[in-house]
There are 2 protein chains.
Amino acid sequence: MAEPQTRTRIQKKNRTTILDAALDVFSQFGFRGSTLDQIAKAAGLSKPNLLYYFPSKEAIHVELLSCLMDTWLDPLRDLDPNGEPRDEILAYVRRKLEMSRNFPRESRLFANEILQGAPRIMDAIKGELKELTDEKAAVIQGWMDAGKIAPSHPYHLLFSIWSLTQHYADFDVQVRAVLGDEGGDPFPAAEQYLETLFSKLLAV
Amino acid sequence: MAEPQTRTRIQKKNRTTILDAALDVFSQFGFRGSTLDQIAKAAGLSKPNLLYYFPSKEAIHVELLSCLMDTWLDPLRDLDPNGEPRDEILAYVRRKLEMSRNFPRESRLFANEILQGAPRIMDAIKGELKELTDEKAAVIQGWMDAGKIAPSHPYHLLFSIWSLTQHYADFDVQVRAVLGDEGGDPFPAAEQYLETLFSKLLAV
DNA sequence: CGTGCTTCTGACCAATTGGTCAAAACAATC
DNA sequence: GATTGTTTTGACCAATTGGTCAGAAGCACG
């Protein structure tokens, strides 16, 4: 954020390495359950070296979260008020599911933070996230009022999209365990199921 | 489990107190993020006294989880193969949402454990949970084959019920933050939304 | 009251925690 | 090769961790 941009390539490389390792650890054990030694080991660096690049454990976590919130909201930002309502919402579901597939660690990091009461991210939730949600909920409400899609609760519609898509990242081990060993990749079936679900919900 | 049932009333009371306090702490910070001191303080007991009633931190956690899995599956057990398909599934959704409302800590404890890869509960997931899910998925598949409800993927249908209902416990702070201060209790609107969603999905 | 059992605690322990620091190793420029 | 700045580390620190233990306090029952 406010840091000067005087980064050598070594700095860039090591900061990236550290953040990646920290994402591994934090997303699995949460903030308090993770240790600097764990992160250092995962990054292949010594603990004092970590603290050469970041001032503290908390700073690493904060950096991860603030990077996360931006990319996390991107799929929703792309919901186009001028697009075809049904297609827009279904495409949003698809983008969000794709994020769960490609960035499960980020999803779990977020889930961990919310589970703990969002102590380090509440500002962004009540700020950026709420504003964007309000805006898009209004768009959806407009579509409903215009009879373009079936009426339902726009906020809970968005909640349900978040919940259903993130579930396949956050509860991945449960999904795979229940589907069994020869279940294969659960995502294609998930995508088809979610498309059916929301198609029927939105059909006028 | 294997413990003898020689519990005095003091033992019963204190074990209950400890488990309740531990549920508070574990459900928020996960296993590794929680400390015995925290739990002791929450329970109003000294740390050595905790360890008089439970042999270790892990033992408390295991006790909580094994108690949890049973009650957690109850709503699904009650899904009656001989009932009216649509009503049975909608009633299951309602029961599960009720559990999220009444036992949010239990839901978060479970979520925390799954997020960490379910190290202490994988047996129960691949055992009890999978068996019950297989059984009920077969029932639902039967209903679909008989044309009683619209065809869709029975396992992902169950996943979606878990995901949507538990979301209101696990992501409670996010839901309330987005809905705003005068949003009030989110559960009535959630119940109505979910009823609409699944009614439309199941309608033939 | 006294005896025996249950309940509880302060003091303690070794290991781990997040974090510091001086000095060493490295890299780049002249 | 000398000089300067960057990067890395081993040794260390105070605080916290899960857990132990001897004994004190409470309790029930003859």
Side-chain angles (χ1 to χ4, degrees), chain A residues 3-66 109 112-113 116 119-120, chain B residues 3-66 109 112-113 116 119-120:
Chain A
E3 288 107 38
Q5 209 57 7
T6 37
R7 298 262 161 76
T8 71
R9 56 215 138 72
I10 293 185
Q11 271 172 357
K12 274 181 194 150
K13 192 195 69 176
N14 280 345
R15 279 179 63 96
T16 306
T17 305
I18 292 169
L19 288 173
D20 189 71
L23 181 56
D24 265 350
V25 177
F26 281 138
S27 68
Q28 198 179 347
F29 300 107
F31 180 72
R32 296 200 24 186
S34 305
T35 73
L36 283 177
D37 296 88
Q38 258 182 306
I39 298 170
K41 193 178 170 189
L45 298 172
S46 69
K47 185 168 61 168
N49 208 5
L50 282 203
L51 295 161
Y52 171 72
Y53 290 102
F54 291 91
S56 70
K57 177 186 173 185
E58 177 130 8
I60 303 178
H61 198 246
V62 166
E63 176 80 13
L64 278 177
L65 284 178
S66 62
L109 181 75
N112 249 312
E113 180 67 10
Q116 290 175 27
R120 273 167 269 273
Chain B
E3 288 107 38
Q5 209 56 8
T6 37
R7 299 263 162 76
T8 70
R9 55 212 141 75
I10 293 185
Q11 272 173 356
K12 276 183 192 148
K13 193 196 67 174
N14 280 345
R15 280 180 62 97
T16 306
T17 304
I18 291 169
L19 287 174
D20 189 71
L23 181 56
D24 265 349
V25 178
F26 281 138
S27 68
Q28 198 180 345
F29 300 107
F31 180 72
R32 297 199 23 185
S34 304
T35 72
L36 284 177
D37 295 87
Q38 257 182 306
I39 299 171
K41 194 178 171 188
L45 298 172
S46 68
K47 186 168 61 169
N49 206 8
L50 282 203
L51 294 162
Y52 171 73
Y53 290 103
F54 292 91
S56 70
K57 177 186 172 184
E58 177 132 7
I60 303 177
H61 197 246
V62 166
E63 175 81 13
L64 277 176
L65 284 178
S66 62
L109 181 76
N112 250 310
E113 180 68 11
Q116 290 175 26
R120 276 166 267 273

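Residue numbers start from 1 in every chain, and the chains themselves are labelled A, B, ... in the order their sequence lines are given, proteins ahead of strands. Quick note: numbers below take in every heavy atom, side chains included, and nothing from hydrogens, waters or symmetry partners.
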Asks: Please assess B:Leu19 against B:Phe54 for the test side-chain contact (heavy atoms from CB on, under 4.5 Å), listing each intermediate value before the final yes or no.
Replies: CA-CA 10 Å; B:Leu19 287 174; B:Phe54 292 91; 3.8 Å; yes
Asks: Go through B:Phe26 and B:Ile39 one step at a time and tell me if the side-chain contact (heavy atoms from CB on, under 4.5 Å) criterion holds.
Replies: CA-CA 9 Å; B:Phe26 281 138; B:Ile39 299 171; 3.8 Å; yes
Asks: I'd like the 5' and 3' limits of the part of DNA chain C contacted by chain A, with heavy-atom contacts below 4.0 Å.
Replies: C:dT17 to C:dA28
Asks: May I have the step-by-step check of side-chain contact (heavy atoms from CB on, under 4.5 Å) for A:Gln38 and A:Phe29, ending in yes or no?
Replies: CA-CA 11 Å; A:Gln38 258 182 306; A:Phe29 300 107; 3.1 Å; yes
Asks: Could you pull out the protein-nucleic contacts involving nucleotides 26-30 of chain D (nitrogen or oxygen on both sides, under 3.5 Å)?
Replies:
{"unit_1": "D:dA28", "atom_1": "OP1", "unit_2": "B:Arg9", "atom_2": "NH2", "d": "3.1"}

Asks: Rounded to the nearest 0.5 Å, how far does CD of B:Glu113 lie from CG of B:Leu64?
Replies: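 The CD atom of B:Glu113 is 11.0 Å from CG of B:Leu64, to the nearest 0.5 Å.
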Asks: Are the side chains of A:Glu58 and A:Arg120 in touch, meaning some heavy atoms are under 4.5 Å apart?
Replies: yes
Asks: Does anything in residues 30-46 of chain A reach DNA chain D, meaning a heavy atom under 4.0 Å, and if so which residues?
Replies: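 When residues 30-46 of chain A is checked for heavy atoms under 4.0 Å from DNA chain D, the hits, listed by number, are A:Ser46.
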Asks: Does a side-chain N or O from A:Gln11 land closer than 4.0 Å to OP1 or OP2 of D:dT6, or not?
Replies: no
Asks: Considering all heavy atoms of both residues, which atom of B:Arg15 and which atom of B:Tyr53 are nearest to each other, and what is their separation?
Replies: NH1-O, 3.5 Å
Asks: Rounded to the nearest 0.5 Å, what separates atom CG in B:Leu23 from atom CD1 in B:Ile18?
Replies: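 Going from CG on B:Leu23 over to CD1 on B:Ile18, the span is 13.5 Å.
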Asks: Report yes if at least one side-chain N or O of A:Tyr52 is closer than 4.0 Å to OP1 or OP2 of D:dT7; otherwise report no.
Replies: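 Yes, A:Tyr52 has a side-chain N/O under 4.0 Å of OP1/OP2 on D:dT7.
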Asks: In residues 53-62 of chain B, what residues come within less than 4.0 Å of DNA chain D, judged by heavy atoms?
Replies: B:Ser56, B:Lys57
Asks: Between A:Phe31 and A:His61, how do the two ring planes meet: parallel, tilted or perpendicular, split at 30° and 60°?
Replies: tilted
Asks: Could you tabulate the donor-acceptor pairs under 3.5 Å formed by side-chain atoms of residues 40-51 of chain A, not counting sequence neighbours?
Replies:
{"unit_1": "A:Ser46", "atom_1": "OG", "unit_2": "A:Asn49", "atom_2": "N", "d": "3.3"}

Asks: Within this structure, what is the CG-to-P distance between A:Asn49 and D:dA11, rounded to whole angstrom?
Replies: 16 Å
Asks: As a quick check of understanding, evaluate side-chain contact (heavy atoms from CB on, under 4.5 Å) for B:Asn112 and B:Gln28, giving each step before the final call.
Replies: CA-CA 8 Å; B:Asn112 250 310; B:Gln28 198 180 345; over 6 Å; no
Asks: Look up atom CG in A:Leu109 and atom CG in A:Asp24, then write down how far apart they are to the nearest 0.5 Å.
Replies: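 Reported value, rounded in 0.5 Å steps: 11.0 Å.
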Asks: Applying side chain to side chain donor-acceptor pair (under 3.5 Å), can you list everything that pairs with B:Gln116, at least two apart in sequence or on another chain?
Replies: none
Asks: Looking at every non-hydrogen atom in both residues, tell me the closest pair between B:Gly30 and B:Ser34 and how far apart they are.
Replies: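 Minimum heavy-atom contact is O-OG, 2.6 Å.
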